[in-house]
Participant: 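Have a look at this one.
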Amino acid sequence: MNRKLTRSTVMAAKTSEKLLAVFHRLYARYGPQGWWPGESPFEMIVGAILTQAAAWRNVERAIANLKAAGVFSPQDLHQISREDLGRLLRPVGYFNAKAHKLQAFLDALYRDGHGDLARLLALPLPELRERLLAIHGIGPETADAIILYAAGKPSFVVDAYTRRVFHRLGLGPTSDAYEPWRSFFMESLPADASLFNEYHALIDRHAKETCWRVPLCDRCCMREICPYGQSPP
DNA sequence: GCCCAGGTGGGTA
DNA sequence: TACCCACATGGG
């Protein structure tokens with residue numbers, strides 16, 4: 001009588017197998033990626049906000065500016081003027097918008113959390129995610145990056161690269177919307193922060209190095225299991 | 001010159 | 001919901 005249920009369970013198991021197979025191929029090809037760069041959870045959060053639509057190299061420059069100016073702490077960044085902060089953030093682009101976003105995070109931290117970052121990050125995952133998403137400038141990808149890389153909790157991070165790579169592999173939702181993609185990974189993989197951490201980093205590495213907008217299928221480690229690689233349009 | 005880079009928020013149909 | 005645009009610097 002549970003034929004349908006059984007069937008969907010089997011399908012889910014196959015999806016899970018495929019996702020793990022992709023992971024192992026990526027890991028075999030590229031090795032451990034060591035994400036997220038950053039010396040502290042606070043630095044990871046600042047990086048997560050600053051890297052929105054920006055190259056990581058430029059994020060490093062901006063963080064170096066903040067450190068050189070002696071304002072790289074929640075308290076200092078909360079108190080510095082928007083204008084001064086913007087000047088230090090110039091290298092990341094969108095520096096006014098990002099100064100606003102960074103201070104929106106710090107406003108929330110001081111308003112709701114008394115400036116206690118560790119306490120915020122210690123919240124249970126669903127509540128932490130909800131709190132982060134309520135902050136101006138923190139959308140789902142940045143929220144999940146903070147949860148995964150700064151709080152060490154298993155929230156899968158989806159970005160444009162993820163959609164591109166898995167769309168070509170013939171896996172995942174047809175929609176481009178964020179939540180269906182996140183659910184797809186969360187429901188198909190064990191809730192393991194170190195797995196999510198490495199997987200997301202490997203996807204980005206693969207997209208940057210091989211699965212370009214015009215992909216380099218002849219050098220791809222996924223050739224044998226990727227429908228796109230076997231018959232590009 | 002042109003495209004892209006580890007997105008998000010606000011506005012409109 | 002589904003697009004569109006602003007936000008802006010740096011590198012290939």
Side-chain angles (χ1 to χ4, degrees), chain A residues 23 26 30 32-39 41-66 68-69 82-108 129-152 154-167 172-183 185 193 195-216:
Chain A
F23 174 79
L26 291 172
Y30 302 107
Q33 298 301 298
W35 273 29
W36 186 287
E39 292 172 3
F42 180 64
E43 183 164 337
M44 291 180 196
I45 292 169
V46 172
I49 292 170
L50 295 186
T51 197
Q52 295 172 3
W56 186 255
R57 175 192 307 277
N58 296 328
V59 174
E60 289 177 330
R61 289 184 175 129
I63 290 178
N65 284 349
L66 296 174
R82 183 72 50 87
E83 197 184 359
D84 287 343
L85 181 54
R87 256 194 292 279
L88 295 167
L89 296 183
R90 281 193 81 87
V92 291
Y94 306 139
F95 52 87
N96 287 317
K98 285 176 183 172
H100 180 195
K101 292 176 179 183
L102 212 43
Q103 293 196 313
F105 171 75
L106 294 162
D107 287 346
R129 191 167 197 264
E130 201 174 320
R131 293 269 196 104
L132 290 171
L133 288 175
I135 298 171
H136 173 90
I138 298 186
E141 183 181 337
T142 305
D144 289 327
I146 290 171
I147 296 166
L148 181 59
Y149 291 101
S155 203
F156 202 92
V157 180
V158 176
D159 60 8
Y161 293 146
T162 309
R163 297 186 186 89
R164 182 206 285 166
V165 170
F166 284 88
H167 181 68
T174 46
S175 147
D176 271 354
Y178 189 93
E179 297 299 336
W181 276 94
R182 175 175 182 266
S183 301
F185 287 99
L195 172 66
F196 288 9
N197 177 325
E198 202 63 65
Y199 209 156
H200 174 72
L202 284 165
I203 291 164
D204 275 39
R205 172 77 181 272
H206 181 62
K208 282 176 182 164
E209 206 160 303
T210 308
C211 202
W212 293 356
R213 199 166 53 79
V214 179
L216 308 176

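Not measured: the values here are computed from a predicted model.
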Participant: Counting heavy atoms from C-beta on, name the nucleotide in C:dC7, B:dG9, C:dT9 closest to the side chain of A:H136.
Facilitator: B:dG9
Participant: Given atom CG of A:D144 and atom C1' of B:dT8, what is their separation to the nearest angstrom?
Facilitator: 14 Å
Participant: Side chain of A:R57 only, please: which of C:dT9, B:dC4, C:dG11 is the nearest?
Facilitator: C:dG11
Participant: For B:dA5 and C:dC3, measure between their C1' atoms and round to the nearest Å.
Facilitator: 22 Å
Participant: Ignoring backbone atoms, establish whether A:R61 has a side-chain N or O less than 4.0 Å from OP1 or OP2 of C:dG11.
Facilitator: yes
Participant: CD1 of A:I146 versus C1' of B:dT8: gap in Å, rounded?
Facilitator: 13 Å
Participant: Write down the distance between NZ (A:K101) and C1' (C:dA8), rounded to a whole number of angstrom.
Facilitator: 12 Å
Participant: Whole angstrom is fine here: how far is it from CH2 in A:W181 over to C1' in B:dG7?
Facilitator: 17 Å
Participant: When you look at CZ of A:R82, are more than 12 heavy atoms from neighbouring residues, nucleotides or ligands closer to it than 6.0 Å?
Facilitator: yes
Participant: Could you measure between the two P atoms, the one in C:dA8 and the one in B:dG1, and give it in whole Å?
Facilitator: 23 Å
Participant: DNA chain B: A:W35 or A:L133, which has the more 5' nearest nucleotide?
Facilitator: A:W35
Participant: Taking only the side-chain heavy atoms of A:A53 (C-beta and beyond), determine which of B:dG7, C:dG10, C:dA8 contains the nearest atom.
Facilitator: B:dG7
Participant: In whole angstroms, how far is the P atom of B:dC4 from the CG atom of A:D204?
Facilitator: 16 Å
Participant: Which class fits the ring pair A:H100 and A:H136: parallel under 30°, tilted 30 to 60°, perpendicular over 60°?
Facilitator: parallel
Participant: With a 4.5 Å cut-off on side-chain heavy atoms, are A:E141 and A:V158 touching?
Facilitator: no
Participant: Remember a base hit wins even if backbone is also touched, and classify A:G139 as base, sugar-phosphate or nothing at under 4.0 Å, heavy atoms.
Facilitator: sugar-phosphate
Participant: Please figure out whether A:I138 or A:A145 has its closest DNA chain B nucleotide nearer the 5' end.
Facilitator: A:A145
Participant: Looking at C:dA2, which nucleotide sits across from it as a Watson-Crick or G-U wobble partner, both distances under 3.5 angstrom, or is there none?
Facilitator: B:dT12
Participant: Is there a donor in the side chain of A:R205 and an acceptor in the side chain of A:T210, or the other way round, less than 3.5 Å apart?
Facilitator: no
Participant: Would you indicate, yes or no, if B:dA5 has its OP1 or OP2 atom less than 4.0 angstrom from a side-chain nitrogen or oxygen of A:Y161?
Facilitator: yes
Participant: Ignoring backbone atoms, establish whether A:T142 has a side-chain N or O less than 4.0 Å from OP1 or OP2 of B:dT8.
Facilitator: yes
Participant: Hey, does the side chain of A:N96 come within less than 4.0 Å of C:dA8's phosphate (OP1/OP2), counting only N and O?
Facilitator: yes
Participant: Given B:dA5, B:dT8, C:dG10, which nucleotide is nearest the side-chain atoms of A:A55?
Facilitator: B:dA5
Participant: Could you state the atom-to-atom distance from CG of A:L89 to P of C:dG10 in whole Å?
Facilitator: 12 Å
Participant: Check the distance between B:dT8's P and A:L132's CG and give it to me in whole angstrom.
Facilitator: 12 Å
Participant: Under a 3.5 Å limit for both distances, which nucleotide forms a Watson-Crick or G-U wobble pair with B:dA5, could you say?
Facilitator: C:dT9
Participant: If you check the A:A97 side chain, which of C:dA8, B:dA5, B:dT8 turns out closest?
Facilitator: C:dA8
Participant: Under a 4.0 Å threshold between the charged nitrogen and the carboxylate oxygen, would A:R90 count as salt-bridged to A:E83?
Facilitator: no
Participant: Which residue lies toward the 5' end of DNA chain C, A:A177 or A:P91, if each is placed at its nearest nucleotide?
Facilitator: A:A177
Participant: CZ of A:R82 versus C1' of C:dC7: gap in Å, rounded?
Facilitator: 14 Å
Participant: If you take the centroid of each ring, where Trp contributes its six-membered ring, are A:F185 and A:F166 closer together than 6.0 Å?
Facilitator: yes
